[in-house]
Amino acid sequence: PAESVTILGLGFILGLKHALDADHVIAIATIVSERKGILSSSFVGMLWGIGHTAALLVIGSCVVALQLQLPEKLALSMEFAVAVMLILLGGNVLKKVYRGETLHVHVHSHHGRRHVHLHAHAADSPHDLEEASHHDSRSSRLLKRALARFSENRRSLLIGMVHGMAGSAGLMLLVLATISDSLLALAYIGVFGIGSMGGMLVMSALVGLPFAFTANRSILINRIIRGCAGSVSVIFGLLLAWQIGVVEGLFIR
């Protein structure tokens with residue numbers, strides 16, 4: 001029992017550390033760059049962690065139950081998918097930054113006095129989808145906004161799943177090499193996933209701080225740091241694709 005607790009504790013710590021991997025942080029940065037608040041950024045990290053853990057558990061259950069090892073070609077292909085995803089995420093951010101922001105005017109009344117506030121929103125954000133259809137019924141606007149939010153959240157979940165599949169090969173080798181008990185091995189994978197969820201929850205909140213702080217304070221600075229996040233994602237994705245596809249021989253032997 002003491003040994004099992006130690007193994008599970010190690011799994012949780014390694015899961016926290018796993019959240020700090022460069023490709024994870026970069027992917028999350030591209031997503032939270034479009035968010036305007038810390039809670040929203042944290043929610044992105046949580047969904048990423050759920051998708052990541054779900055992929056690990058599904059693949060881990062199959063591998064542990066059948067005592068198999070993932071083929072090297074398959075493992076490299078899943079890692080290459082992460083590189084492609086980073087390029088697409090970064091390119092999407094750069095496209096939105098290039099297209100610019102739209103200013104939205106909020107008018108508030110306080111104690112008989114009217115106040116006008118200017119806010120910046122992405123041209124295709126859910127907020128602007130609602131404003132563009134302000135003549136629609138309230139229920140219609142709420143439905144459109146809910147669908148847009150679901151689309152954003154689904155993306156975070158899917159990105160986490162891709163990262164989980166890519167990281168499963170190395171984790172399975174570690175688990176199968178050191179843990180002979182199948183139930184303990186699955187518990188280790190689950191605890192590892194919980195650790196990665198917690199780590200990414202905190203990390204996404206921290207990464208989202210500069211984006212949330214500048215969102216409604218400085219349009220220029222916000223666009224600059226978003227552009228930096230997108231550029232880093234594209235460059236890192238290209239380098240990773242070269243490393244996996246050429247250096248590690250996925251496409252060239």
Side-chain angles (χ1 to χ4, degrees), residues 10-31 33 45 48-95 155-180 185-186 188-193 195-197 199-200 203-204 207 228-253:
L10 177 62
F12 182 78
I13 294 173
L14 290 178
L16 289 173
K17 181 179 179 296
H18 185 64
L20 300 178
D21 287 356
D23 57 328
H24 299 165
V25 176
I26 292 173
I28 284 296
T30 61
I31 304 175
S33 68
W48 182 98
I50 291 174
H52 183 268
T53 302
L56 286 179
L57 284 174
V58 170
I59 296 177
S61 299
C62 296
V63 172
V64 171
L66 301 175
Q67 291 295 304
L68 299 175
Q69 290 188 0
L70 294 176
E72 180 184 1
K73 195 83 170 180
L74 177 59
L76 288 176
S77 297
M78 290 189 294
E79 292 180 11
F80 188 81
V82 171
V84 173
M85 183 184 66
L86 289 174
I87 296 171
L88 294 177
L89 286 173
N92 184 55
V93 171
L94 292 176
K95 181 187 72 173
R155 183 178 62 166
S156 304
L157 194 68
L158 292 175
I159 291 172
M161 293 178 68
V162 172
H163 278 282
M165 290 187 292
S168 61
L171 178 61
M172 292 307 109
L173 287 176
L174 174 64
V175 170
L176 293 177
T178 57
I179 305 176
S180 57
L186 290 176
Y188 176 91
I189 296 171
V191 171
F192 179 93
S196 66
M197 286 174 61
M200 190 52 69
M203 179 54 59
S204 59
V207 172
C228 289
S231 299
V232 170
S233 183
V234 171
I235 294 172
F236 188 89
L238 290 172
L239 292 175
L240 186 60
W242 174 267
Q243 174 69 26
I244 296 170
V246 178
V247 177
E248 297 186 21
L250 175 60
F251 301 120
I252 300 176
R253 288 290 183 181

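For the single chain, residues carry numbers from 1 onward in sequence order.
Here Leu89 contributes atom CG and Leu94 contributes atom CG; the two are 11.0 Å apart, rounded to the nearest 0.5 Å. From Leu86, atom CG reaches atom CD1 of Ile159 across 8.5 Å, with rounding to the nearest 0.5 Å. Atom CG of Leu14 is separated from atom OH of Tyr188 by 4.5 Å, given to the nearest 0.5 angstrom. For the atom pair Ile26 CD1 and Leu240 CG, the distance stands at 9.0 Å (nearest 0.5 Å). Atom CD1 in Ile13 sits 12.0 Å away from atom CZ in Phe192 (nearest 0.5 Å). Note that CE of Met200 and CG of Asp21 are 8.0 Å apart. Values are rounded to the nearest 0.5 Å.
By the 4.5 Å heavy-atom criterion applied to side chains, Val207 and Val25 are counted as neighbours. No side-chain heavy atom of Gln243 sits less than 4.5 Å from a side-chain heavy atom of Glu79. Residues Phe251 and Val246 form no side-chain contact, since every pair of their non-hydrogen atoms from C-beta on lies 4.5 Å or further apart.
Residues Val234 and Gly91 approach most closely at CG2-N, 3.5 Å, considering heavy atoms. When every heavy atom of Ile244 is checked against every heavy atom of Leu76, the shortest pair comes out as CG2-O, 3.5 Å. The shortest heavy-atom contact between Ala166 and Val82 is CB-CG2, 3.4 Å. Considering every non-hydrogen atom in both Ala83 and Gly237, the closest pair reads CB-O, 3.5 Å.
Ser196 places a side-chain N or O within 3.5 Å of a backbone atom of Gly193 that can act as its donor or acceptor partner. Between the Ser233 side chain and the Ala229 main chain, no donor and acceptor come within less than 3.5 Å of each other.
With Trp48 as reference, His24 is the one residue of Arg155, Met161, His24 to meet the side-chain contact (heavy atoms from CB on, under 4.5 Å) rule.
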